Structure formats: C-alpha cells, structure tokens
Amino acid sequence: MTLIIEPEQGAAVKQRNKNFINGSKKVFIESYGCQMNFSDSEIVASIMEKDGFSITKQYKEADLILINTCSIRENAEQKVRNRLKTYNGLKEKKPETIIGVLGCMAERLKAQLLVEESLVDIVAGPDSYRDLPNLVSEVLDGRKAVNVILSKEETYADIRPVRLSSNGVTSFISIMRGCDNMCTFCVVPFTRGRERSRNPVSIVNEAQDLYNKGYREVTLLGQNVDSYLWYPGGGLKKEFSSLSAEEQKESVNFAQLIERVAKIHPDLRIRFSTSHPKDMTDEVLHTMAKYKNLCNYIHLPIQSGSSSILAKMNRGYSREWYMERIKSIREIIPDCGISADIISGFCSETGIDHKETISLMNMVKYNFAYMFKYSERPKTLAERKYEDDVDEETKSSRLSEIIALQQKHSLELHRQRIGQICEVLIEGVSKRSADALFGRNTQNSVVIFPKGKLKAGNYVHVKITDCTSATLIGEVV
Ligand code: SAH
Ligand code: SF4
Ligand code: F3S
C-alpha cells in the first residue's frame with residue numbers, strides 16, 4: 001500500500017522518536033477547499049485521535065502538521081504553497097516536525113510533491129486516511145511516505161468524525177465520495193476518484209448522534225448529491241435500472257435519504273450540497289416540500305448560461321433544461337433560495353456566450369453565487385482538447401460584470417424581505433458586533449439581530465427591518 005522513498009537520517013529523526021515515545025504527540029490540521037475537505041479533516045482528526053494524537057490549534061506546538069489541500073483552481077494550489085513557506089520557517093527551528101499534505105493536491109501531484117516541496121514528509125490522497133498512522137510510522141523510521149491510492153469502496157462510513165472548530169449547532173455529513181461526471185474543466189474526478197454512496201444507515205445514525213449532542217442543522221455533502229444511490233453491498237455507482245430486482249427494492253436514492261434524515265426530528269434542519277441540474281428530480285423537490293425541516297434552499301451550479309459552452313463543459317444539460325429545473329423548483333417549493341456557481345471565460349467563450357450568462361442570471365435572480373474565472377487544470381479534458389483562449393483581461397472584466405449583477409440581485413431579494421418575519425436558527429455571535437447574534441433563515445440568508453437572552457441552537461422569529469446584499473438585519477419578535 002505504502003510507497004516509501006528517500007531515506008532520511010540524522011538528529012531530526014531521533015528527536016521525533018523521543019517526542020512520539022513520550023506519548024504526548026500533537027497534530028495540527030488545516031483545511032483548504034470545499035466543505036467536503038473540511039468534513040474529511042474531521043475524519044482525519046478521528047483517525048489520528050485513535051492513534052494517540054491530541055488535536056492542537058497551535059501549529060507551532062504540533063509534532064505533526066497536516067494540510068488538507070484543494071486543486072480546483074491554480075490560485076487554490078498557490079495558497080497552499082504559500083502556507084508551506086510558513087512551515088518552512090518552523091521546520092528550520094524545529095526540524096523534527098512532520099509535515100503531511102493531504103487531499104486533492106496530494107492526489108494530483110503524488111510523489112512529485114515531495115520533489116517540489118522538500119519540507120513535506122507525507123503525501124496522502126483522499127482515500128488513504130486510514131493509512132495515516134502507518135505513514136507517520138514510516139517517517140519516524142526516517143523515510144518519506146506516499147499513499148495516493150484511490151478506492152472503489154471507501155466512504156469512511158464507520159468513522160465518527162471529530163468536529164473541528166464547531167459551533168455546536170451546524171455540521172457537515174459526507175454522504176458520498178468521488179465524482180463520475182467528467183466536466184471538462186474539472187480536476188475533481190482525478191483527485192477524488194470514482195463516485196460511491198455511503199450506507200444510509202450510517203448517515204442517519206451520524207445525524208441522530210449530532211441531534212442528540214445538541215446540533216440543529218446538518219448539511220449532507222457530495223459532488224452530485226442527486227445521483228446518490230446506495231444498494232446492498234455498496235461500492236461503485238450504479239444506475240437504478242442496472243440493479244437486480246432485489247437490489248432495487250432495498251436501494252436508497254437521494255429523495256429517500258433526505259426523507260429518512262428529515263424524520264429524525266422536526267427541529268433538525270437539513271441542507272445539502274451540491275445539486276446537479278442534470279440529475280435533480282422532482283421527487284427530491286416534492287420531498288423537500290413535504291418536510292419543513294428540509295430547508296428551502298438549493299445550490300444549483302449553472303457554470304454558464306450558454307448551451308454551446310455547457311456542451312463544451314460536458315455538463316449534461318442545456319440552458320433550457322436548466323431553466324425548466326428552476327421552473328420546477330419555483331412551482332414545487334414556493335420561496336426557495338437558489339444559489340449557483342458561475343465560471344467566466346471558459347475556452348472559446350464569446351461576448352455573446354457571456355451575455356447569455358448575464359441574461360440567465362437576470363431570469364433566475366440567484367440569492368447568492370460563487371463566481372470564478374476559468375483556470376485551466378492539468379490533465380482535464382479541457383486542457384487536452386481546448387485552448388484556454390479567453391485572455392486574462394476579458395475573463396476579469398466578464399467576472400466583474402457577473403459579480404456586480406449578482407450583488408444587485410442579492411440586495412434586491414433581501415430588500416423584498418424587509419417587513420417579513422422569518423424563522424432563524426441561531427448559530428453564534430455576529431462577527432460585526434458582540435451584542436448581536438447571527439443565524440440563517442431557511443433560504444440560507446444570514447440574519448443578524450440583537451442578542452437579548454438568546455443563545456446558539458435556539459430557533460427564533462425575526463422581523464426583518466434592514467439589509468445589505470450579504471445580510472438581513474432584524475429584531476426578534
Ligand atoms: N460538484 C460541484 C462542483 C464542485 S467544484 C458541481 O458540479 O457543481 C466547485 C466549483 O468550482 C464548480 O461548480 C465550478 O464553478 C468551479 N470550478 C471547478 N473547476 C474550475 C476551474 N477549472 N476553473 C474555475 N472554476 C472551476
Ligand atoms: Fe467537477 Fe463536474 Fe464532478 Fe462537479 S460534477 S465535481 S464540476 S466533474
Ligand atoms: Fe478542492 Fe478537492 Fe474540494 S479540488 S473543491 S478540495 S474536491
């Protein structure tokens with residue numbers, strides 16, 4: 001399993017062994033990238049705790065530093081490389097510190113990362129976290145260690161995550177891993193491997209456990225939650241039609257999964273991310289409409305408003321299909337918050353394609369959006385097949401136009417809420433003022449209101465009196 005390279009000798013190794021034998025070994029875990037990565041870090045924390053590590057929030061006192069990394073865009077990797085420079089300084093003073101790179105960048109670069117970043121001792125891909133204690137042992141023996149093997153079954157279903165930097169109210173639960181979609185711009189299928197769904201019983205148990213501990217909101221995570229399909233035995237993704245009659249009977253799809261989680265308790269809110277326009281069914285929407293605790297919020301990335309660009313992205317839907325999905329959401333779930341991801345300047349995107357993105361945004365009016373400039377990623381289909389031919393300046397100016405329009409829409413939608421009363425789950429003290437609390441309404445908008453005697457985890461009704469494009473401001477009624 002473990003690929004071992006480059007023997008290392010010397011004082012650092014001896015010092016390491018001393019620290020580890022003392023039995024007070026500490027691990028510092030840092031996460032970059034998507035929610036899935038933050039959720040994985042909680043699995044890693046659990047595995048390391050079982051191996052005798054305690055978690056520290058101070059990297060300077062750690063014996064082991066693990067950085068869970070993201071490769072989605074060039075600048076995501078740059079951020080990690082800059083961070084590694086900080087650790088370089090630490091390693092000069094404390095050479096025995098072990099540094100491990102986890103996650104998508106580890107998977108993408110593999111052993112090459114050890115060459116490019118000489119201070120790194122461990123490279124571990126997203127499916128190899130159970131092997132981390134062994135990888136650490138290899139380093140203690142004076143070697144560098146790499147495990148980037150992707151799995152067809154691993155879902156870490158049996159591991160109880162250790163909640164890191166938790167507010168005690170909201171939490172993530174991974175329901176599936178990997179992605180089989182092969183959008184041409186995207187590195188995820190290469191870094192996370194094949195799609196597989198986690199056993200629904202373990203998902204419901206984890207949500208129930210969180211509820212028992214006082215949590216009041218869970219977000220179910222997957223790269224394409226609508227294609228969640230568990231069948232007896234589990235393993236790689238299969239289409240429902242390819243299951244045997246027996247398997248079909250016992251299988252659980254995404255609509256059935258959210259219904260099971262919703263039934264845990266009406267006070268446990270459920271969100272999920274990410275929905276995929278090509279796979280989102282009316283069955284899911286009807287289930288959402290049926291249970292109040294299934295939040296009225298859908299993150300439905302569009303990427304581009306132009307059907308020809310969508311085809312080139314291999315997204316599996318057209319502009320018209322997407323708008324039909326929006327229509328269904330509006331019909332089945334009145335007052336549903338909708339957000340999206342949008343990419344500007346994908347290969348061959350013309351001014352007309354860009355205008356189609358703008359016009360689609362005007363038709364949908366998203367509550368919120370994550371907006372990016374296209375960043376070419378090595379080995380993706382787009383990198384191999386198409387030219388990254390939209391110049392930087394054009395990408396930037398199109399992105400600015402998209403961001404400005406989104407801000408206008410967010411503000412407009414928030415203004416419509418003034419005077420309304422909404423139910424808010426309190427998450428904590430507002431960053432802006434110690435006298436204010438913040439939470440979210442079901443549509444996922446942040447709501448700020450005076451503290452009073454309220455506390456995190458409570459539900460309150462707030463009358464909206466004011467707003468910005470980013471937040472609603474109100475008073476408890
Ligand atoms: N599985 C999710 C997306 C996960 S990645 C989905 O299909 O919607 C999150 C977002 O990053 C994507 O939706 C996309 O907007 C953006 N993204 C992915 N690859 C990118 C790239 N090469 N350049 C710019 N943005 C990218
Ligand atoms: Fe990437 Fe597409 Fe999979 Fe999302 S659905 S993770 S964008 S390949
Ligand atoms: Fe980044 Fe990997 Fe998530 S590339 S966005 S951390 S799946």
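First listed ligand is number 1; within each ligand, the first listed atom is number 1. On a predicted model such as this, the values are computed, not experimentally measured, just so you know.
Protein heavy atom closest to atom 15 (O) of ligand 1, with residue, atom name and distance, is Gln303 OE1, 2.7 Å. For atom 4 (S) of ligand 3, the nearest non-hydrogen atom of the protein is Ser71 N, 3.3 Å. Closest protein heavy atom to atom 19 (N) of ligand 1: Phe185 CD1, 3.3 Å. Counting only heavy atoms of the protein, atom 22 (N) of ligand 1 lies nearest to Ser375 O, 2.7 Å. Residue, atom and distance of the protein heavy atom nearest to atom 3 (Fe) of ligand 2 are Cys179 SG, 2.3 Å. Atom 3 (Fe) of ligand 3 has its closest protein heavy atom at Cys34 SG, 2.3 Å. The single protein non-hydrogen atom nearest to atom 5 (S) of ligand 2 is Asn181 ND2, 3.3 Å, given as residue, atom name and distance.
Between Cys186 and ligand 1, a contact under 3.5 Å exists for no N or O pair.
Each of the atoms 22 (N), 23 (N), 24 (C) of ligand 1 lies under 4.0 Å from some heavy atom of Tyr374. Within ligand 1, counting atoms from 1 as listed, the ones closer than 4.0 Å to a heavy atom of Ile72 are 5 (S), 11 (O), 17 (N), 18 (C), 19 (N), 20 (C), 21 (C), 22 (N). Near Phe185, meaning under 4.0 Å from one of its heavy atoms, ligand 2 places the atoms 7 (S). Ligand-side atoms of ligand 2 in range of Pro189: 8 (S), range being under 4.0 angstrom from any heavy atom. Of all the atoms in ligand 3, the ones that sit under 4.0 Å from a non-hydrogen atom of Asn37 are 6 (S). Proximity to Arg377 (heavy-atom distance under 4.0 Å) selects the following atoms of ligand 1: 22 (N). Distances below 4.0 Å separate heavy atoms of Cys104 from the following atoms of ligand 3: 2 (Fe), 4 (S), 6 (S), 7 (S). Those atoms of ligand 2 with a heavy atom of His276 less than 4.0 angstrom away are 5 (S). Numbered from 1 in the order shown, with element, the atoms of ligand 3 that lie under 4.0 Å from a heavy atom of Cys70 read 1 (Fe), 4 (S), 5 (S), 6 (S). Listed by atom number, the atoms of ligand 1 under 4.0 Å from Arg73 heavy atoms are 11 (O), 16 (C), 17 (N), 23 (N), 24 (C), 25 (N), 26 (C).
Remark: Lys312 is positioned above the aromatic ring of Tyr386, its terminal NZ or CZ atom under 6.0 angstrom from the ring centre and at most 45 degrees off the axis. With Tyr156 as the aromatic partner, Arg130 does not meet the cation-pi criteria of under 6.0 angstrom to the ring centre and within 45 degrees of the ring axis. With a 6.0 Å cutoff to the six-membered ring centre and a 45° limit on the axis angle, Arg163 does not count as a cation-pi contact of Phe172. Remark: Lys278 is not positioned above the aromatic ring of Tyr317, lacking an NZ or CZ atom under 6.0 angstrom from the ring centre and at most 45 degrees off the axis.
Using a distance-only test at 3.5 Å, with no hydrogens or angles considered, a donor-acceptor pair links the side chain of Asn37 to the main chain of Thr69.
For atom 7 (S) of ligand 2, the candidate residues are Gln223, Arg315, Met36; the nearest heavy-atom contact is made by Arg315. Of the listed options His299, Lys395, Gln35, Arg315, Arg315 places a heavy atom closest to atom 7 (O) of ligand 1. Of all the listed residues (Asn75, Thr184, Asp341, Thr274), Asp341 holds the heavy atom that lies closest to atom 12 (C) of ligand 1.
Under 4.0 angstrom from ligand 1, the non-hydrogen atoms of Pro301 all belong to its side chain. At a 4.0 Å heavy-atom cut-off, ligand 2 touches Cys183 through backbone and side chain alike. The backbone and the side chain of Gln223 each have at least one atom closer than 4.0 Å to an atom of ligand 1 (non-hydrogen atoms only). Of the heavy atoms in Pro301, none comes closer than 4.0 Å to ligand 2. Here Gln223 has side-chain heavy atoms under 4.0 Å from ligand 3, and that is the only part of it that gets that close. Residue contacts with ligand 1, taken as heavy atom pairs separated by less than 4.0 Å, involve Phe372 solely via side-chain atoms from C-beta onward.
Heavy atoms of other residues, nucleotides or ligands lying less than 6.0 angstrom from CD of Glu393 number 12 at most. Residue Arg160 qualifies as open at atom CZ: its count of foreign heavy atoms under 6.0 Å is 12 or below.
Ligand 1 lies less than 4.0 angstrom from a heavy atom belonging to Lys373. Look at Ile343 and you'll find a heavy atom under 4.0 Å from some atom of ligand 1. Ligand 3 is approached by Arg192 to a heavy-atom distance shorter than 4.0 Å.
Closest of all the heavy-atom pairs between Cys186 and Thr380 is O-CG2, 3.4 Å.
Here Cys186 does not reach atom 3 (Fe) of ligand 2: none of its N/O/S atoms is less than 2.8 Å from the metal.
With respect to Lys152 and Asp127, no salt bridge is recorded, no charged nitrogen being found less than 4.0 Å from a carboxylate O. Salt bridge annotation for Arg377-Glu74: present, with a cationic side-chain nitrogen under 4.0 angstrom from a carboxylate oxygen. A salt bridge is defined here as a Lys NZ or Arg NE, NH1 or NH2 lying under 4.0 Å from an Asp or Glu carboxylate O, and Glu117 with Arg81 meets this definition. With respect to Arg271 and Glu217, a salt bridge is recorded, a charged nitrogen being found less than 4.0 Å from a carboxylate O. The pair Asp388-Lys395 meets the salt-bridge criterion, since a charged nitrogen lies less than 4.0 angstrom from a carboxylate oxygen. Between Asp335 and Arg417 a salt bridge is recorded (basic side-chain N to carboxylate O distance below 4.0 Å). Ion pairing of Glu383 with Lys379 is absent here, as no side-chain N (NZ or NE/NH1/NH2) approaches a carboxylate O to less than 4.0 Å.
Side-chain polar atoms of Ser307 and Ser318 form no donor-acceptor pair below 3.5 angstrom.
Relative ring orientation between Phe368 and Tyr370 is described as perpendicular, the plane-to-plane angle rising above 60° on a 0-90° scale split at 30° and 60°.
Partner Ile173 forms a side chain to side chain contact (heavy atoms under 4.5 Å, CB included) with one of Ile270, Leu210, Thr219 and no other, that one being Leu210.
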